[in-house]
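Values below: every heavy atom of this structure, side chains too, minus hydrogens, waters and symmetry copies.
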There are 4 protein chains.
Amino acid sequence: MVGKVGVDRRIQRTRQILQDALMALILEKGYDAVTVQDVIDRANVGRSTFYSHFQDKDALFLSGFESLREQFEQYLSDGASMNGDPWNLSLQMFQHAQSHLQLYKALAGKQGGTVALEHIHKYLTALMREHFKSQFLERKDMDVPPDVLAHYMVSSFMALLTWWLDHDVPYPAERMNDMYRQLTQPGIIAVLR
Amino acid sequence: MVGKVGVDRRIQRTRQILQDALMALILEKGYDAVTVQDVIDRANVGRSTFYSHFQDKDALFLSGFESLREQFEQYLSDGASMNGDPWNLSLQMFQHAQSHLQLYKALAGKQGGTVALEHIHKYLTALMREHFKSQFLERKDMDVPPDVLAHYMVSSFMALLTWWLDHDVPYPAERMNDMYRQLTQPGIIAVLR
Amino acid sequence: MVGKVGVDRRIQRTRQILQDALMALILEKGYDAVTVQDVIDRANVGRSTFYSHFQDKDALFLSGFESLREQFEQYLSDGASMNGDPWNLSLQMFQHAQSHLQLYKALAGKQGGTVALEHIHKYLTALMREHFKSQFLERKDMDVPPDVLAHYMVSSFMALLTWWLDHDVPYPAERMNDMYRQLTQPGIIAVLR
Amino acid sequence: MVGKVGVDRRIQRTRQILQDALMALILEKGYDAVTVQDVIDRANVGRSTFYSHFQDKDALFLSGFESLREQFEQYLSDGASMNGDPWNLSLQMFQHAQSHLQLYKALAGKQGGTVALEHIHKYLTALMREHFKSQFLERKDMDVPPDVLAHYMVSSFMALLTWWLDHDVPYPAERMNDMYRQLTQPGIIAVLR
DNA sequence: TCCTAAGCGAGACGGTACGTCTTGTCTTCCA
DNA sequence: TGGAAGACAAGACGTACCGTCTCGCTTAGGA
């Protein structure tokens, strides 16, 4: 059973080739326009090989997202703690996006599909609940229900993130995060009294 | 030239039947799962008839959105002026959505496609530019560029709107708009000094 | 309901094109080597069109056989009666094969599949039962059961027919039938006493 | 040099396992429906193992036929001589089939493929030429060419054999051979004058 | 009142992509 | 080092939709 390493390496290599092919094609034509056949041709891979690794195009796409997520969490744990500050988390994400720009553009830019955006949305919402539930998510006396609050914070963040990814503006991550903070922090503070 | 009225009536009737069929099907299965064949069958219409009226499913869908837009603009001009207040506009939209709930759910809810959301986004952004450009969109000295500001305001609004449409919560339109104002107004004021 | 004629003509034309394409390809590569894709390409027809007319390659093939059968039965009823003589029937078939040599080679030659041979076998066996049952197929006192007798006569005939189709020998149909009669008639007479 | 015996044994064992697996599967689903994957799974063998022993499914199948042929020839040489009598040879084969019924059904029954039948046909034709050429195969003055004669005799025989294998009738080998003789001998004698 | 142009239903058609299946080759590991 | 396990490229299969098309029928409206 130890002898599987080499085989596993082959498998991993094929998966990587497929992911790369998809990302490249997304940046060229946009997610929806890419067909499984395109990916297969670009990756020089047999049709059945594709389907033995991934259920469909979405699955391949999301596997790329998972890589991204793992990288990001590694990045997070390496960095400073968040001090319970959501805008610290958003900063990390802006920074991470900046250093993996092509990947982020393919996955979360307007060329990417809805699939990833929804995934990221869910992921961030979960992350927020996890880290800040004690602070406000369980208070019952607010005008704005915690659910709405979380949804708003994540949506606003992603609005700025995707805008940034889709317009080739020279703003650095820190500038983007400052905007995000300026726009959202006052409202959040007001709501939390 | 004059004799076309009866024919036009027939044409309008067919278009309406197709729009209704699509809306009904979207609420049943979600936008993506609906095929042109489904619409044709439901509407009891020939395939070529469909394509003589609309280029594709998206075009039919957007024609439904146009109806909505016209209704909404009628509603707007009937109501009080906005006094240059974005949260007055958002209130009108929440109210309009409330009184056409099924239609809004089909078009902008999670059953609807991305197509409509993007369309609405663009429309609202244009509306904002139109009405409030004098106020701040042309100031050059802000930390947050007007583009980002508009994008943020529309995105936040739509986040609350879609959340409201997709979760069957009993909040009235006014309550939703209060939340929207509470969350966004302080930040906007701060940014505008 | 009269308006279906034009459509039917189109349908018949497409079916004919597909049959012709298959027959040509069989003569080129043999039945088994021909793929549905080959037929589609040769016939300049869409994939779904093929499947809307025929369930699979075998069905298309057998539809060609049905044409042949109809032709043959027309030929039979035009010609002299069989007088209850099986070797008269076999003669007709040798003659019919001779005048439609390419078609017979494609369907029943070694390039053709097993499908047609089995079909023809069954067809001829049924034909025999129909025409000669009174003579001997219901006698119970024979050493050779009627079933075996019919199977033997048809198999022998087809052995000579396929041999003839597969070897480009200059024997005319009448010569082949004489051989068939010489070989089988004495045995049949002996068995029937 | 010395250690090859054990290896050869292993090799033989693998080949046998594969043959058995194929035969069993043919009786279950028919030759055409059996895939290489089926055989591999049934035999608990790796894919490359299969292909290192046999070129393809047909080759494996025919190797089974070769075993049968060797057995039969052993059986032949053990028994009485044929006295130049074809119906003695056919009797031996009917008898041999009777005592290896399952194997014959798998190879030559309707579950078996065309491959075996063609092989057996060729083999028997050759056997006939070998043993009886002096008698008539070289006469030039017959109405029926020797080629056709041989083809007819073998085809008739196989017609009766396969009929017998495919219908579970209680006739013993001798009875089948009597039928074969009754049907064919008179014609043959007549042709040979 | 009849004629004629257009709207329309029905659905055949050429295409494209899908996800499944099988084949024969190639790579890796292990005994 | 040679045989077993199984990953792989290739490509056919049958299905599902798409957007174009051809065909007769119905149904105004103007003559």
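- Of all nucleotides listed (dA17(E), dT22(E), dC8(F)), dT22(E) comes nearest to the side chain of T35(D).
- Summarising the local packing, NZ of K122(A) is surrounded by 12 or fewer heavy atoms from other residues, nucleotides or ligands at distances under 6.0 Å.
- Between dC8(F) and H53(A), a contact under 4.0 Å exists linking OP1 or OP2 to a side-chain N or O.
- For the residue pair Q37(C) and D41(C), a side-chain donor N or O sits within less than 3.5 Å of a side-chain acceptor on the partner.
- Between the CG atom of D32(A) and the C1' atom of dA17(E) there is a distance of 14 Å, given to the nearest Å.
- Side-chain contact check for Y123(D) and E118(D): no donor-acceptor pair (N or O, by modelled atom type) lies under 3.5 Å.
- Ring-plane geometry between F61(B) and Y31(B) is classed as tilted, the angle between the planes lying from 30 to 60 degrees on a 0 to 90 degree scale.
- Of the residues near DNA chain E, V36(A) and S52(B), the one whose nearest nucleotide (by heavy atom distance) lies more toward the 5' end is S52(B).
- Rounded to whole Å, atom C1' of dT25(E) lies 19 Å from atom CZ of F54(D).
- Distance from the side chain of R47(B) is smallest to dT20(F) among dA7(F), dA4(F), dT20(F).
- Look at CG on D56(D): it is 10 Å from P on dT25(E), rounded to the nearest Å.
- Residue side chain S48(A) reaches the base of dA10(F) through a donor-acceptor N/O pair under 3.5 Å, judged by distance alone.
- Residues D8(A) and Q12(A) have side chains that never bring a donor and an acceptor to within less than 3.5 angstrom of each other.
- Put simply, CZ on R13(C) is 12 Å from C1' on dT22(F), counting in whole angstrom units.
- Among the nucleotides dC8(E), dA7(F), dG19(E), the one closest to any side-chain atom of I11(A) is dA7(F).
- Projected onto DNA chain F by closest heavy-atom contact, V34(C) and V34(B) fall at different nucleotides, the more 5' of which corresponds to V34(C).
- Residue R10(C) has its side chain nearest to dT22(F) when only dC13(F), dT22(F), dC18(E) are considered.
- Take the nearest nucleotide of DNA chain E for F50(A) and for A43(B): the residue whose nucleotide is more 5' is A43(B).
- Along DNA chain F, the nucleotide nearest to Q12(A) and the one nearest to Y51(C) differ in position, and the one closer to the 5' end is contacted by Q12(A).
- What separates CD1 of I40(C) from P of dG11(F) is a distance of 16 Å, to the nearest Å.
- I17(D) places its CD1 atom 14 Å from the C1' atom of dG3(F), with the value rounded to the nearest Å.
- In this structure, the CZ atom of R15(A) is 13 Å from the P atom of dA7(F), given to the nearest Å.
- Rounded to an integer number of Å, the gap from D41(B) CG to dC18(F) C1' is 14 Å.
- The phosphate of dA4(F) (OP1 or OP2) has a side-chain N or O of T49(D) nearer than 4.0 angstrom.
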